[in-house]
A.B. asks: 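Here it is, the structure, as structure tokens.
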Amino acid sequence: MNLEADVTDLWDRYQDGLTAADATDEDAAVVDEFLAALEAGEVRAAEKSGDDVTSWEANEWVKRGILLNFGLRETEPREYGGVTYHDVLPLRDTADLAERGTRNTPDGTAIRRGAYLGSDCIMMSPSFVNMGAYVGDGTLVDSCDTVGSCAQLGENVKLGANTLIGGVLEPVEDAPVIIEDGVSLGAGCRVTSGFRVGENTVVGENTLLTPRIPVYDLVEEEVIYGHLPAERRAFTRMVESSVGDHDLFEGGAYKPAVVATHVEEETLEATQREDALRE
């Protein structure tokens, strides 16, 4: 049987009542093999089936494999940096990162088991990459950044400091956040609930991207939800709220929206990666 079939079979048994106490060594070997495949980039939580950012599709069996690692493992005391913590999983072994030219700085970069980091990446402390996340080649994860469970980051992505990339496990989401190649997110951005950002898009500081907030795409002159098309410059603006005529709101009420327009060449140049940092 292949890994997908083994995970699917184990998931069915888990749904029928299999517990961590009942799991065999063979069961443990399946979830360990699954974690190793995630860390090697051999399996991913989502894959792109077409040319557009909206064509990404979640791999349900991969999410189930991740959930099995919580359901079929016991919480244990573990050591990190001289401190005992308690979790079902250890942190990821990072010995393979150096051979690919990837760096994680000390005192606060935490990579959980089942996360993939490509070549030539930089993780600044403090930052955290959760289980099932995929971080593509040349991507920068800056200080105080979180890359949530199953999030998919492309190549040469820039996450500004204090940026949150949401996960799929808590709260449960159907699909992971997608950040395609060449995207730059300014400091303090939040991308949640399976939102998708198309390649070479530049997002301004402190922008919230979630399917519940409208995107006013001035390029195609339409209002869209759940994604930013490729090659846009996006930023937050306030628009009139439907409760604006309520007596409690003197002068009107407003809600956040995202405006997307053409990305200028000089904007792309200003966000290009600094190769000297990786020499």
A.B. asks: Taking everything shown except Glu26 itself, do over 12 heavy atoms lie less than 6.0 Å from its CD?
C.D. replies: no
A.B. asks: In chain order, what residues pass the side chain to side chain contact (heavy atoms under 4.5 Å, CB included) check against Thr146, with sequence neighbours excluded?
C.D. replies: Phe128, Leu164
A.B. asks: In terms of hydrophobic clustering (I, L, V, M, F, W, Y; side-chain heavy atoms under 4.5 Å; direct or indirect links), are Leu3 and Leu72 co-clustered?
C.D. replies: yes
A.B. asks: Nearest 0.5 Å please: distance from the CD1 atom of Ile111 over to the CG atom of Leu117.
C.D. replies: 5.0 Å
A.B. asks: Over 60° means perpendicular and under 30° means parallel, so classify the ring planes of Phe34 and Trp61, tilted if in between.
C.D. replies: perpendicular
A.B. asks: Taking atom types as modelled and ignoring hydrogens, do the side chains of Ser125 and Thr109 form a donor-acceptor contact shorter than 3.5 angstrom?
C.D. replies: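 Absent: no donor and acceptor within the cut-off.
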A.B. asks: Take Val223 and Val215, measure what side chain to side chain contact (heavy atoms under 4.5 Å, CB included) needs, and give me the verdict at the end.
C.D. replies: CA-CA 6 Å; Val223 180; Val215 175; over 6 Å; no
A.B. asks: Do the side chain of Asn59 and the main chain of Val62 share a donor and acceptor less than 3.5 angstrom apart?
C.D. replies: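 Pair absent, no side-chain N/O of Asn59 close to backbone of Val62.
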A.B. asks: Counting heavy atoms not belonging to Glu221, are there more than 12 under 6.0 Å from its CD?
C.D. replies: no
A.B. asks: Could you list the residues that satisfy salt bridge (Lys or Arg N to Asp or Glu O under 4.0 Å) with Arg196, not counting sequence neighbours?
C.D. replies: none
A.B. asks: Check whether any side-chain heavy atom of Asp217 sits under 4.5 Å from a side-chain heavy atom of Pro229, and report yes or no.
C.D. replies: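 Touching, per the 4.5 Å side-chain cut-off.
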A.B. asks: Which distance, rounded to the nearest 0.5 Å, do you find between the CZ of Arg13 and the OG1 of Thr8?
C.D. replies: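 Answer for the CZ-OG1 pair, Arg13 versus Thr8, is 13.0 Å.
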A.B. asks: Mind checking the OH-CG spacing from Tyr116 to Leu153? Nearest 0.5 Å is all I need.
C.D. replies: 12.5 Å
A.B. asks: Please report the shortest heavy-atom distance between Ser119 and Thr102, naming the atom on each side.
C.D. replies: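 In terms of heavy atoms, the two residues are closest at C-OG1, 3.5 Å.
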A.B. asks: In terms of hydrophobic clusters joined by side-chain contacts under 4.5 Å, are Leu208 and Val258 together?
C.D. replies: yes
A.B. asks: Show your working on side chain to side chain contact (heavy atoms under 4.5 Å, CB included) between Leu97 and Asn104 and close with a plain yes or no.
C.D. replies: CA-CA 8 Å; Leu97 300 186; Asn104 59 312; 4.1 Å; yes
A.B. asks: Judged by atom type as modelled, is there a donor-acceptor pair below 3.5 Å linking the side chain of Thr201 to the main-chain atoms of Glu231?
C.D. replies: yes
A.B. asks: Hey, can you pull the donor-acceptor pairs under 3.5 Å for the side chains in residues 38-49, sequence neighbours left out?
C.D. replies:
unit_1 : atom_1 : unit_2 : atom_2 : d
Glu39  : OE1    : Arg113 : NH2    : 3.4
Glu39  : OE2    : Arg113 : NE     : 2.8
Glu39  : OE2    : Arg113 : NH2    : 3.4
Glu39  : OE2    : Gly114 : N      : 2.9
Arg44  : NE     : Gln152 : OE1    : 2.8
Arg44  : NH2    : Gln152 : OE1    : 3.1
Lys48  : NZ     : Asp51  : O      : 3.1
Lys48  : NZ     : Glu180 : OE2    : 2.8
Ser49  : OG     : Ser55  : O      : 2.8
Ser49  : OG     : Glu57  : OE2    : 3.4

A.B. asks: Treating Arg232 as the side-chain partner and Ala230 as the backbone partner, does any N or O pair qualify as donor plus acceptor under 3.5 Å?
C.D. replies: yes
A.B. asks: Going through the distances and angles, do Val203 and Leu228 end up as a side chain to side chain contact (heavy atoms under 4.5 Å, CB included)?
C.D. replies: CA-CA 10 Å; Val203 181; Leu228 268 171; 4.0 Å; yes
A.B. asks: Same cluster or not: Leu68 versus Met131, using hydrophobic residues (I, L, V, M, F, W, Y) connected whenever any side-chain heavy atoms lie under 4.5 Å apart?
C.D. replies: yes
A.B. asks: Less than 4.5 Å apart, any side-chain heavy atom of Thr192 and any of Leu209?
C.D. replies: no
A.B. asks: Going through the checks in order, is the side-chain hydrogen bond (donor to acceptor under 3.5 Å, both in side chains) test met by Thr210 and Arg212?
C.D. replies: CA-CA 5 Å; Thr210 181; Arg212 293 174 293 279; 3.2 Å; yes
A.B. asks: Working to the nearest 0.5 Å, report the span between OH of Tyr14 and CG of Asp9.
C.D. replies: 15.5 Å
A.B. asks: Applying side-chain contact (heavy atoms from CB on, under 4.5 Å) between Ile165 and each of Ile178, Leu185, Val157, Val141, report the one that passes.
C.D. replies: Leu185
A.B. asks: How long is the gap from CG on Leu140 to OG1 on Thr163, to the nearest 0.5 Å?
C.D. replies: 9.5 Å
A.B. asks: Among the clusters formed by ILVMFWY side chains lying less than 4.5 Å apart, do Val135 and Val191 turn up in the same one?
C.D. replies: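 Same hydrophobic cluster.
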A.B. asks: Restricting to non-hydrogen atoms, name the atom on Ala133 and the atom on Val147 that form the minimum distance, rounded to 0.1 Å.
C.D. replies: CB-CG1, 3.8 Å
A.B. asks: Would a single hydrophobic cluster contain both Leu67 and Tyr134, if residues Ile, Leu, Val, Met, Phe, Trp and Tyr are joined by side-chain heavy-atom contacts under 4.5 Å?
C.D. replies: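 Not linked; separate clusters.
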A.B. asks: Rounded to the nearest 0.5 Å, what separates atom CG in Asp27 from atom CZ in Arg73?
C.D. replies: 11.0 Å
A.B. asks: So Val183 and Asn200, do their side chains get closer than 4.5 Å, heavy atoms only?
C.D. replies: no
A.B. asks: Sub-3.5 Å donor-acceptor pair from the side chain of Arg78 to the main-chain atoms of Leu91, do we have one?
C.D. replies: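 Not confirmed, Arg78 side chain does not pair with Leu91 backbone.
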A.B. asks: Taking all heavy atoms of Val263 and all of Val202, pick out the closest pair and write down the distance.
C.D. replies: CG2-CG2, 4.0 Å
A.B. asks: Given Leu10 and Asp12, is the side chain to side chain contact (heavy atoms under 4.5 Å, CB included) satisfied, shown in steps?
C.D. replies: CA-CA 5 Å; Leu10 191 55; Asp12 291 340; over 6 Å; no
A.B. asks: Which atom pair, heavy atoms only, marks the closest approach of Cys150 to Ile66?
C.D. replies: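 Answer, listing the atom of Cys150 first, then Ile66: SG-CD1, 3.3 Å.
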A.B. asks: Looking only at heavy atoms, what is the nearest atom pair of Thr139 and Glu155, with distance?
C.D. replies: OG1-C, 3.9 Å
A.B. asks: Are any of the side-chain nitrogens in Asp137 or Arg100 under 4.0 Å away from the carboxylate oxygens of its partner?
C.D. replies: no
A.B. asks: If you define the side chain from C-beta out and look only at heavy atoms, does anything of Phe195 sit under 4.5 Å from Ile213?
C.D. replies: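 Heavy-atom side-chain distance check fails, nothing below 4.5 Å.
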A.B. asks: Taking all non-hydrogen atoms of both residues, which atom of Arg190 and which atom of Gly188 are closest, and how far apart?
C.D. replies: NH1-O, 3.2 Å
A.B. asks: Taking the basic N atoms (NZ, or NE/NH1/NH2) and the acidic carboxylate oxygens, is any pair closer than 4.0 Å for Asp120 and Arg103?
C.D. replies: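 Arg103 and Asp120: not salt-bridged.
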A.B. asks: Quick one: does Asp181's side chain have a donor or acceptor within less than 3.5 Å of a partner on Gly154's backbone?
C.D. replies: no
A.B. asks: Tell me whether Ser149 contacts the main-chain N or O of Val168 through its side chain, where contact means a donor paired with an acceptor under 3.5 Å.
C.D. replies: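 Checked: pair present.
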